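All values derive from a computational prediction rather than experimental measurement.
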Amino acid sequence: MFVSAPRSMALLACIACLPAVADEPRYNQISLRAEASSEVAQDRMHVTLFTESQHEDPAQLAAQTTSAMNKALQTARQAKGVEVSQGSRSSYPVYEEKGQQITAWRERAELRLESGDFAALSKLTGELMRDLKMGGMYFSVSDSIRQQNEDALLKDAVTAFRARAQLATEALGGNDYKIVSLNLNSSGNFQPEMMRSVSMKSMDAMPTPDVEAGTRQISINADGVIEVQMP
C-alpha cells in the first residue's frame, strides 16, 4: 500500500489539472413521432360454414356430422383456387328443464374456406349453403401485399421523421440535430373485419353472397429521439 499510494495521488492530481472543455456543445433531447400510411385493397376472402344438429344417440349424431362434413369437403376441394380446411368440432349434452338428466346431444363442426378469387369462393359458398350454414365472412390483406406496402411506406416514414426533427430544431433555436434512436413499426394488427359489406341476394336453393371487400389502412410509425445542438 505504501508503494501504490503515491501513484494514486499522482493520478488524481493529473486529472484535477486537466483543462475544462469550455466550448463543448450542449444538446437538448426531445422525442418525436411521425407516420406514413396508405389505403390498401383487401385481397383475401375468408368464409366459415358449419353444420349443427341434435340427436339422442351421440354415436348417430357423430356419424351424421361426419357425413355432412365429408360431403362438404368433397365439394369444396373441387373448387380451383380455394384453400380448404376444417375448423373446430365440438359436442355437448342437452339437459331437460330441471338440468338433471341428459335428453340429447348437440354437435357442431366448421369448414373454413379462403381465396383471392372472390367470385369462385362466393359461388362455392352458395353451393355449400344447401346443406351448411354461414358462420362468418371477412376480408384481409395478404402477407405479400402488406409487406410490399410496408416497405414502400418505410422510406416515407423516415422522411417524415427527419422533416419533424428539422422543424423541432428550428423551433428550439438550434442549428443542427442528430438522431439518438429511431424505431420503425407497423401499426395495427391486421385482424379480420367480420361480416363486412355482406348481403344475401336470395335464400333460394343456392344463395350467392354479394360481397365488397373494402380497404384497410396500413401504417408505418417512426418513433425516435433526437439531440438538438444549440449555438
Side-chain angles (χ1 to χ4, degrees), residues 39-97 99 102-149 186 188-218:
E39 291 289 330
V40 180
Q42 300 186 113
D43 61 330
R44 300 294 293 179
M45 178 178 174
H46 308 256
V47 173
T48 299
L49 302 172
F50 71 94
T51 178
E52 188 171 18
S53 54
Q54 184 172 311
H55 200 281
E56 295 179 359
D57 186 345
Q60 292 189 29
L61 177 62
Q64 181 179 334
T65 302
T66 298
S67 177
M69 289 302 296
N70 287 344
K71 180 181 178 182
L73 283 168
Q74 185 176 7
T75 301
R77 286 167 179 162
Q78 294 176 359
K80 295 182 179 180
V82 178
E83 298 179 17
V84 183
S85 63
Q86 290 181 272
S88 62
R89 179 169 176 170
S90 60
S91 63
Y92 55 91
V94 178
Y95 294 90
E96 42 88 20
E97 293 182 0
I102 297 176
T103 59
W105 288 83
R106 194 163 188 83
E107 188 164 358
R108 174 188 170 109
E110 292 181 342
L111 178 65
R112 296 177 181 175
L113 310 172
E114 178 182 346
S115 179
D117 188 337
F118 292 179
L121 184 48
S122 295
K123 181 180 179 181
L124 175 61
T125 299
E127 294 176 357
L128 293 175
M129 286 185 67
R130 292 172 175 173
D131 302 311
L132 304 181
K133 298 177 182 179
M134 173 75 76
M137 178 185 293
Y138 67 88
F139 303 90
S140 67
V141 177
S142 62
D143 291 340
S144 59
I145 296 298
R146 178 171 56 84
Q147 186 65 52
Q148 291 175 14
N149 281 271
S186 59
N189 51 10
F190 304 99
Q191 291 298 315
E193 298 180 12
M194 298 300 297
M195 301 299 292
R196 177 183 176 124
S197 301
V198 179
S199 61
M200 303 308 295
K201 289 183 176 179
S202 66
M203 293 301 292
D204 296 331
M206 191 174 65
T208 302
D210 185 15
V211 299
E212 176 59 42
T215 62
R216 181 181 295 276
Q217 186 179 70
I218 294 179

Taking side-chain contact (heavy atoms from CB on, under 4.5 Å) as the criterion, tell me which of Leu113, Thr51, Leu73 meets it with Leu128.
Leu113

Min side-chain heavy-atom separation Arg89-Gln86 under 4.5 Å
no

Between Glu110 and Arg112, is there a side-chain N and carboxylate O pair less than 4.0 Å apart?
yes

Atom CD of residue position Gln54 - does it have more than 12 heavy atoms of other residues, nucleotides or ligands inside 6.0 Å?
yes

Residues which pass side chain to side chain donor-acceptor pair (under 3.5 Å) with Glu83, listed by chain and number, not counting sequence neighbours
Arg44

What heavy-atom pair brings Met129 and Leu49 nearest, and what distance separates the two atoms?
CG-CD2, 4.1 Å

Shortest non-hydrogen pair, Lys80 vs Ala120, comes out as O-CB, 4.3 Å

For Gln78, side chain to side chain contact (heavy atoms under 4.5 Å, CB included) partners two or more places apart:
Gln74

Nearest heavy-atom contact between Ala41 and Thr215 is CA-CG2, 4.0 Å

When rounded to the nearest 0.5 Å, the distance separating CD of Glu127 from OG1 of Thr125 is 9.0 Å

Which residues satisfy the side chain to side chain donor-acceptor pair (under 3.5 Å) test with Lys71, sequence neighbours excluded?
Asp131

On a heavy-atom basis, the closest approach of Arg146 and Val141 is N-CG1, 3.8 Å

Kindly indicate, with the supporting measurements, whether the criterion side-chain contact (heavy atoms from CB on, under 4.5 Å) is fulfilled by Ser122 and Met45.
CA-CA 9 Å; Ser122 295; Met45 178 178 174; 3.7 Å; yes

How about Ser53 and Thr65: do any of their side-chain heavy atoms sit closer than 4.5 Å?
yes

Which pairs with one or both residues in residues 104-127 pass ring pair (Phe, Tyr, Trp, His ring centres under 6.0 Å), sequence neighbours excluded?
Phe118-Phe139

In short, Leu61 meets His55 closest at the heavy-atom pair CB-CB, 3.8 Å

Applying side chain to side chain donor-acceptor pair (under 3.5 Å), name anything that partners Glu96, two or more places apart in sequence or on another chain.
none

Could you grab the distance from atom CG of Asp117 to atom CG of Asp43, nearest 0.5 Å is fine?
12.0 Å

Nearest heavy atoms of Glu56 and Pro58, plus distance in Å
O-CD, 3.4 Å

Atom pair OG (Ser67) and CD (Gln60), whose distance is rounded to the nearest 0.5 Å:
12.5 Å

Can you find a heavy atom in the side chain of Lys133 that is under 4.5 Å from one in the side chain of Glu52?
no

By side chain to side chain donor-acceptor pair (under 3.5 Å) - contacts of Ser90 (at least two apart)
none

Identified side-chain contact (heavy atoms from CB on, under 4.5 Å) partner of Thr75 from the options Leu111, Asn70, Leu124, Leu132:
Leu124

pair Val47-Met137: side-chain heavy atoms closer than 4.5 Å:
yes

